[in-house]
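If you're wondering where the values come from, they're calculated on a predicted model, not measured in any experiment. Below, chain A is the first sequence line, B the second, and so on; all start at residue 1.
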Protein chains: 2
Amino acid sequence: MGISLKDVAQRAGVSIKTVSNVVNGYRHVTPQTRQRVQRAIDELGYRPNLTARHLRKGRTGMIALAVPELTNPYFAELADAVIEHAAGLDYIVLLDHTGGRRDQEVLFAQGFRARVIDGLILSPIELENEDLLARESDAPLVLLGEREYSAPYDHIAIDNVAAARTAAAHLVEIGRRRVAFVGARHGRARATAHLRLRGWREVMGESGLPSDDALIAVTDGYSREDGAQAVARLLDSGQRPDAVFCYNDLIAVGAMRTLAERGLRVPDDVAVVGFDDIEESRYGATTLTTVAPHKRAIARAATDMLLDRLAGEADTPPRRIQPGFALITRESTVGRP
Amino acid sequence: MGISLKDVAQRAGVSIKTVSNVVNGYRHVTPQTRQRVQRAIDELGYRPNLTARHLRKGRTGMIALAVPELTNPYFAELADAVIEHAAGLDYIVLLDHTGGRRDQEVLFAQGFRARVIDGLILSPIELENEDLLARESDAPLVLLGEREYSAPYDHIAIDNVAAARTAAAHLVEIGRRRVAFVGARHGRARATAHLRLRGWREVMGESGLPSDDALIAVTDGYSREDGAQAVARLLDSGQRPDAVFCYNDLIAVGAMRTLAERGLRVPDDVAVVGFDDIEESRYGATTLTTVAPHKRAIARAATDMLLDRLAGEADTPPRRIQPGFALITRESTVGRP
DNA sequence: CGTCAGGTTTTCCACGTTGTAAAAAGTGCG
DNA sequence: CGCACTTTTTACAACGTGGAAAACCTGACG
């Protein structure tokens with residue numbers, strides 16, 4: 001292996017522990033000893049072996065973050081923020097993706113690499129409450145994103161129903177009467193999609209507008225392609241919505257693509273609202289109105305909560321944080337200025 | 001800490017080493033011993049401590065990958081592919097981003113977390129040859145992406161000049177006469193942007209078309225915003241190109257946005273070609289013609305080369321691999337079918 | 001019954017680090 | 001010069017694992 005404390009100690013003519021003390025900035029080292037050791041360190045190019053240090057200390061200084069897809073810009077941006085914030089706190093982030101598949105999420109939550117990391121942040125899609133209850137790993141876990149769980153874990157999520165209501169209300173306000181919802185999922189009443197669907201349905205009901213199943217387009221996933229296909233099916237089924245509220249921005253991008261292919265203008269013929277405020281939404285021929293969760297606040301809260309747990313608050317009851325959100329109106333609902 | 005071999009050994013009434021042997025599938029263990037140990041493992045929920053294992057073996061089973069920006073979909077897709085491929089080879093990938101800043105790239109190449117990882121893959125932007133020559137870390141390093149270095153490291157890059165030529169030639173072929181280049185950089189003749197610029201310039205020259213500086217738009221970065229601003233400046237300066245070849249897809253997306261704002265139609269008034277083939281290019285009101293490097297091949301080659309080095313080929317001369325690329329023509333140059 | 005071969009299990013140690021405790025060196029004071 | 005006290009340095013053990021080699025079995029064979 002590389003240069004170890006032993007090598008430095010030998011060269012400086014002191015004990016291993018003294019070198020260790022210098023490296024760790026221990027107070028009681030005479031200036032001349034410190035200098036001699038430091039020179040040996042520099043000459044040999046010594047670098048502490050983190051593996052050994054971690055073994056000794058029982059901590060690795062690494063946390064893991066798992067998101068469904070790295071290629072979903074929302075999660076890339078979120079991961080970016082977590083890495084950045086954690087770096088400032090001297091933690092390294094191990095980034096992983098689950099594909100949104102339950103088995104992968106369970107593996108991650110169980111910490112199948114747990115012994116290398118101190119804690120976990122997971123943004124689940126399919127994970128079930130029972131998976132969490134059956135969890136064996138003792139590494140702290142923070143749940144990210146919008147699913148609801150009763151299992152006792154720290155959880156960070158915006159108020160999805162309220163956010164969806166805001167989006168739907170905006171569409172009603174600008175005069176739309178047939179508002180479709182794109183991106184619903186089968187089953188799983190607690191899933192995020194259902195929360196957003198509920199917000200949409202509530203507003204439709206309160207406004208006396210239709211919210212029947214014919215206006216709801218189910219998708220398999222959350223990609224542009226899913227959005228494009230779902231809207232194609234919606235239109236093929238004879239529906240003529242004058243607005244669509246999409247589960248996320250990627251679906252909205254796909255939706256707008258299909259609308260363009262069918263010769264429908266956005267927002268004149270169909271207004272579109274997305275969710276996530278990914279960078280991509282601010283570009284394109286028609287910029288996208290979207291619900292913007294405060295990603296930086298989410299990332300910061302998740303990291304801080306996890307590190308709090310690591311710092312000893314092992315047994316405090318789980319906390320729940322609801323970061324804010326904002327509706328950002330752009331051309332897809334209000335037209336070009 | 002958690003359950004260790006010692007705990008299992010105690011419970012099963014055998015030595016630590018026997019448990020270790022069972023865990024590692026050592027041949028010479030009697031079935032009944034193996035069974036007894038296995039039961040103890042199951043009952044206690046033992047999981048090997050990777051940190052200790054790594055300390056003992058001198059390997060961590062982790063490699064690091066640094067890209068400029070995670071939020072650039074090209075790199076997100078690339079990282080995705082590397083993670084996937086490495087996982088199949090039982091390696092964990094530590095993902096990092098440098099912001100394309102030289103100091104960060106140097107830090108990474110030096111392996112400021114090197115003692116935790118076995119090897120590095122770096123996609124540099126600003127890194128200079130001298131930085132590589134001054135490198136002290138002995139962890140194998142593979143360079144990714146299109147910059148040229150003389151320092152002796154494995155390097156994976158497509159033929160940028162040829163790729164750029166293909167793109168420029170396509171624009172000439174469809175009859176464009178004033179082709180702008182967006183995304184040039186100041187200085188650094190070896191940088192990727194210069195290679196693509198050269199390809200463009202060669203084709204313009206060979207076709208008897210202008211390639212003067214007035215047609216070259218310099219950008220600070222590689223984002224959508226950079227592309228949007230650069231094209232705005234280009235148009236403001238009085239240029240009326242009938243095509244733009246962009247350094248990458250993000251810049252192209254920004255370019256198309258500005259063109260739309262200025263009332264210019266794509267491809268009727270201005271054809272656009274990008275580079276990277278990010279997913280986003282396949283959507284939008286006008287899909288984007290682009291040069292598609294074979295990302296999966298790049299990811300695979302990078303990972304394999306690195307693991308080859310780790311497997312012992314320490315001193316073989318550095319290799320250089322040129323994965324293929326393809327021009328994918330879409331609506332931004334050939335119109336909607 | 002002793003010996004040997006081969007399979008099985010154990011003992012010992014090292015990987016590089018740091019906490020503990022204690023030894024060594026230094027300081028001040030009577 | 002010796003004592004009490006503080007500062008500086010050291011020895012040792014331990015974190016959990018796996019390689020090397022020794023020790024222990026069992027059974028076959030002379």
[N] [atom2] sits how many Å from [X] [atom1], rounded?
X	N	atom1	atom2	value
B:Q10	D:dG16	CD	C1'	15 Å
A:L50	C:dT17	CG	C1'	11 Å
B:D7	D:dT17	CG	C1'	13 Å
A:Y26	C:dT18	OH	P	14 Å
A:L5	C:dA14	CG	P	17 Å
B:K17	D:dT17	NZ	C1'	9 Å
B:I3	D:dT17	CD1	P	11 Å

Comparing A:I16 with B:I16, nearest DNA chain C nucleotide closer to 5' gives the residue B:I16

Of B:A52 and B:G13, the one whose closest nucleotide on DNA chain C sits nearer the 5' end is B:G13

Please confirm whether the shortest side-chain N or O distance from [X] to OP1 or OP2 of [N] is below 4.0 Å.
X	N	result
B:T33	C:dT9	yes
B:S20	D:dG16	no
B:Y46	D:dT17	yes
B:H28	C:dG7	no
B:T18	C:dT10	yes
A:T30	D:dT8	no

Could you please name the option among [options] that lies closest to any side-chain atom of [X]?
X	options	value
B:K6	D:dC15, C:dT17, C:dT20	D:dC15
A:L55	C:dT17, D:dC15, C:dT18	D:dC15
A:N24	D:dT17, C:dT11, C:dT18	C:dT18
B:V29	C:dT9, D:dG16, C:dG16	C:dT9
A:R53	C:dT18, D:dT10, C:dG16	C:dT18
A:R56	C:dT11, D:dG19, D:dA13	D:dA13
A:K57	D:dG16, C:dG7, C:dG19	C:dG19

[X]-[Y] side chain donor-acceptor pair, cut-off 3.5 Å:
X	Y	value
A:D80	B:T71	no
B:H28	B:N21	no
A:H97	B:E84	yes

[X] versus [Y]: any side-chain heavy-atom pair under 4.5 Å?
X	Y	result
B:V142	B:L120	no
B:Y222	B:I125	yes
B:P293	B:Y74	yes

inquiry  = Does A:V14 reach a base, just sugar-phosphate, or nothing at all? Heavy atoms under 4.0 Å.
reply    = sugar-phosphate

Using a cut-off of 4.0 Å on non-hydrogen atoms, how would the nucleic acid contact of B:N21 be classed: base, sugar-phosphate, or nothing?
base

